[in-house]
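Treat the numbers as computed from the prediction; the structure is a model and nothing was measured. Order of appearance sets the numbers: ligands from 1, and atoms from 1 within every ligand.
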Amino acid sequence: MSHIITLIPGDGIGPEITEATVKCLEATGVGFRWDRFQAGAEYMRRTGAPDPLPGEVLDSIRRNRIALKGPLTTPVGEGFRSVNVAMRQALDLFACMRPCKNYPGIPSKYQDVDLVLFRENTEDLYAGIEFESGTEGFGEINGLVAAHCQRWLRDRSAVSVKPISEFSSRRIAQYAFEYAEHHGRRKVNIIHKAEIMRLSDGLFLEAARQVAREYPDIWYSDLPIDAICSELVINPERYDVLVLSNLFGDILSDLCAGLVGGLGVAPGANIGTHAVVFEPTHGSAPTIAGQDKANPTAMILSSVMMLRHLGEDAAADRLEGAVVDVLRSGDHLTADLAPAGTEPVGTQAFASAVVAALESPSPIAR
Ligand code: NAI
């Protein structure tokens with residue numbers, strides 16, 4: 001039986017790392033049929049399509065319920081809104097799960113980091129509720145805040161709104177606690193800035209605390225976002241499961257990736273009730289696109305998560321093991337990981353090394 005997967009290679013380094021990942025997945029022997037789609041800025045430029053996220057892409061994901069996606073570029077400060085955010089909202093992919101752990105062979109300042117970050121994916125400042133001075137909506141908002149910010153009456157200004165609901169806060173917390181309970185994780189930290197954003201983050205925190213009471217076997221604590229940043233840089237191995245709202249989760253994901261070797265090795269999944277989209281944490285890395293320099297590890301490890309989701313645990317173990325074998329051997333490291341003075345390998349050569357390791361796994365116990 002073949003699994004039917006929506007495949008969105010994305011842009012920038014997306015097509016290269018997708019090619020590498022598909023090569024590895026197909027070498028596991030698991031059957032796949034790829035429902036392949038283009039989306040994003042590059043797709044619009046090439047085809048003149050009016051929409052960076054065509055409805056047929058969403059239809060395919062809804063039908064197949066699983067997608068593997070490369071990164072998509074978002075224009076900064078202009079143009080269309082993020083396709084990634086739009087996809088997460090359209091499919092209600094409410095939980096962004098990003099595991100970060102040290103693998104042997106990946107250079108890092110730390111050892112024994114093994115944490116899983118859950119980011120609420122549908123609300124917060126990513127809701128796209130924004131107003132600029134001179135526009136209609138801004139008038140109302142301006143009236144509300146003018147008393148606090150007199151300069152607004154004179155200057156060009158803008159407002160972004162941070163909606164947080166009890167429903168979504170409970171839902172992400174519950175997902176994280178359930179995950180902890182079913183995956184032998186013992187500690188959950190809720191991250192917030194409730195002392196400043198007393199209503200929005202206050203609600204997020206209150207909802208998460210209520211959920212925590214339903215899981216007496218899991219140790220629970222909460223920490224402000226600034227405190228966890230410092231804590232993670234000093235003692236990341238003390239942390240286990242982290243739960244955050246959207247913006248803090250986005251920022252802390254990159255920090256956590258940095259603890260275990262960088263964005264090139266940080267996988268992820270966007271999880272909803274009806275569909276899951278697997279994608280690396282990183283973006284389209286335009287400065288190295290098209291040069292066979294990108295590290296495909298993050299996307300290959302995202303595909304390992306996908307294999308587990310599909311119930312293909314043996315193939316997932318084999319593929320993850322093959323990646324570990326290649327990294328540990330140290331002679332097939334991409335430019336982001338290769339030590340100074342050594343010759344890095346390209347994206348496709350890394351994938352070929354993983355395929356070779358799949359075919360003849362290392363006898364060393366992993
Ligand atoms: P980025 O993650 O693309 O790059 C940050 C740094 O990490 C760069 O130095 C880049 O070269 C490096 N890097 C990233 N992935 C790598 C890999 N696999 N191998 C080796 N080096 C890698 O973040 P940036 O530059 O902020 O964003 C570029 C574009 O990507 C933007 O348009 C942004 O909106 C988009 N983006 C898309 C995401 C998605 O599709 N889920 C997530 C994050 C950003």
Side-chain angles (χ1 to χ4, degrees), residues 7-21 24 37-45 52-53 57 61 67-91 93 96-98 100 106-107 117 119 121-122 125-126 128 246-247 249-271 276-303 305 323 327 332-338 344-351 354:
L7 185 68
I8 307 161
D11 48 37
I13 59 171
E16 304 159 62
I17 58 172
T18 301
E19 182 187 334
T21 302
C24 295
F37 287 93
Q38 303 298 330
E42 179 55 24
Y43 155 78
M44 279 173 89
R45 194 190 60 75
L53 181 58
V57 179
I61 302 174
L68 181 62
K69 173 186 164 297
L72 287 166
T73 305
T74 305
V76 178
E78 57 179 19
F80 59 82
R81 285 187 57 216
S82 165
V83 177
N84 304 305
V85 172
M87 185 180 290
R88 293 165 194 163
Q89 288 176 351
L91 298 169
L93 304 173
C96 178
M97 174 180 166
R98 289 175 165 172
C100 284
I106 300 183
L117 185 147
R119 160 187 176 192
N121 232 0
T122 61
L125 286 156
Y126 287 68
N246 209 339
L247 177 63
D250 188 4
I251 297 168
L252 215 69
S253 294
D254 280 31
L255 187 151
C256 289
L259 302 174
V260 298
L263 284 164
V265 300
N270 300 291
I271 303 160
V276 186
V277 176
F278 295 87
E279 65 170 345
T281 295
H282 63 72
S284 56
T287 57
I288 56 168
Q291 299 166 43
D292 194 39
K293 282 186 181 165
N295 187 348
T297 301
M299 191 158 180
I300 298 173
L301 292 177
S302 304
S303 80
M305 293 170 73
V323 172
L327 292 167
H332 284 86
L333 297 180
T334 44
D336 55 324
L337 300 182
V345 299
T347 312
Q348 303 314 324
F350 181 88
V354 172

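- Inclusion of K69 in the set of residues having an N or O under 3.5 Å from an N or O of ligand 1 is warranted.
- Heavy-atom proximity to atom 40 (O) of ligand 1, evaluated over N270, T297, L72, is greatest for L72.
- Between the side chain of Q291 and the main chain of T287, a donor-acceptor pair closer than 3.5 Å is present.
- Using a 4.5 Å heavy-atom threshold, the side chains of V277 and I271 count as separate.
- Heavy-atom proximity to atom 33 (C) of ligand 1, evaluated over D336, T74, D254, T334, is greatest for T74.
- Cation-pi geometry between R119 and Y126 is satisfied (NZ or CZ under 6.0 Å from the ring centre, within 45° of the ring normal).
- When heavy-atom distances to ligand 1 are checked against a 4.0 Å cut-off, M299 has no atom that comes that close, whether in backbone or side chain.
- No donor-acceptor contact under 3.5 angstrom links the side chains of N270 and K69, judged on distance only.
- Looking at T73 next to ligand 1, no N or O pair under 3.5 Å apart turns up.
- Taking every non-hydrogen atom of A294 and a distance limit under 4.0 Å, the qualifying atoms of ligand 1 come out as 19 (N).
- In terms of heavy-atom proximity, V265 sits nearest to L301 at O-CD1, 3.8 Å.
- L247 contributes atom CG, which lies 6.0 Å from atom CG of L125 (distance to the nearest 0.5 angstrom).
- Geometrically, ligand 1 and G283 share a nitrogen or oxygen pair separated by less than 3.5 Å.
- Per-residue contacts place L263 under 4.0 angstrom from the following atoms of ligand 1 (heavy atoms of the residue considered): 2 (O), 5 (C), 7 (O).
- The two residues A351 and C24 come nearest to each other via the heavy atoms O-SG, 3.9 Å.
- Interface of N84 with ligand 1, defined as ligand atoms under 4.0 Å from a residue heavy atom, comprises 37 (C), 38 (C), 39 (C), 40 (O), 41 (N).
- Those atoms of ligand 1 with a heavy atom of T281 less than 4.0 angstrom away are 42 (C).
- Close approach of ligand 1 to P286 is summarised as follows: ligand atoms under 4.0 Å from at least one heavy atom of the residue are 28 (C).
- By heavy-atom distance, the residue among A285, S253, G40, G262 lying nearest atom 13 (N) of ligand 1 is A285.
- Counting the atoms of ligand 1 from 1 in the order shown, those under 4.0 Å from a heavy atom of I288 are 11 (O), 20 (C), 21 (N).
- Heavy-atom proximity to R88, at under 4.0 Å, picks out these atoms of ligand 1: 41 (N).
- Between the side chains of T281 and S253, no donor-acceptor pair of N or O atoms lies under 3.5 Å.
- For the pair I251/L255, no side-chain contact is recorded, criterion being any heavy-atom separation below 4.5 Å from C-beta on.
- Heavy-atom contacts of N295 reach the following atoms of ligand 1: 17 (C), 18 (N), 19 (N), 20 (C) (cutoff under 4.0 Å).
- The one candidate from T347, V323, T18 that meets the side chain to side chain contact (heavy atoms under 4.5 Å, CB included) condition with P296 is T347.
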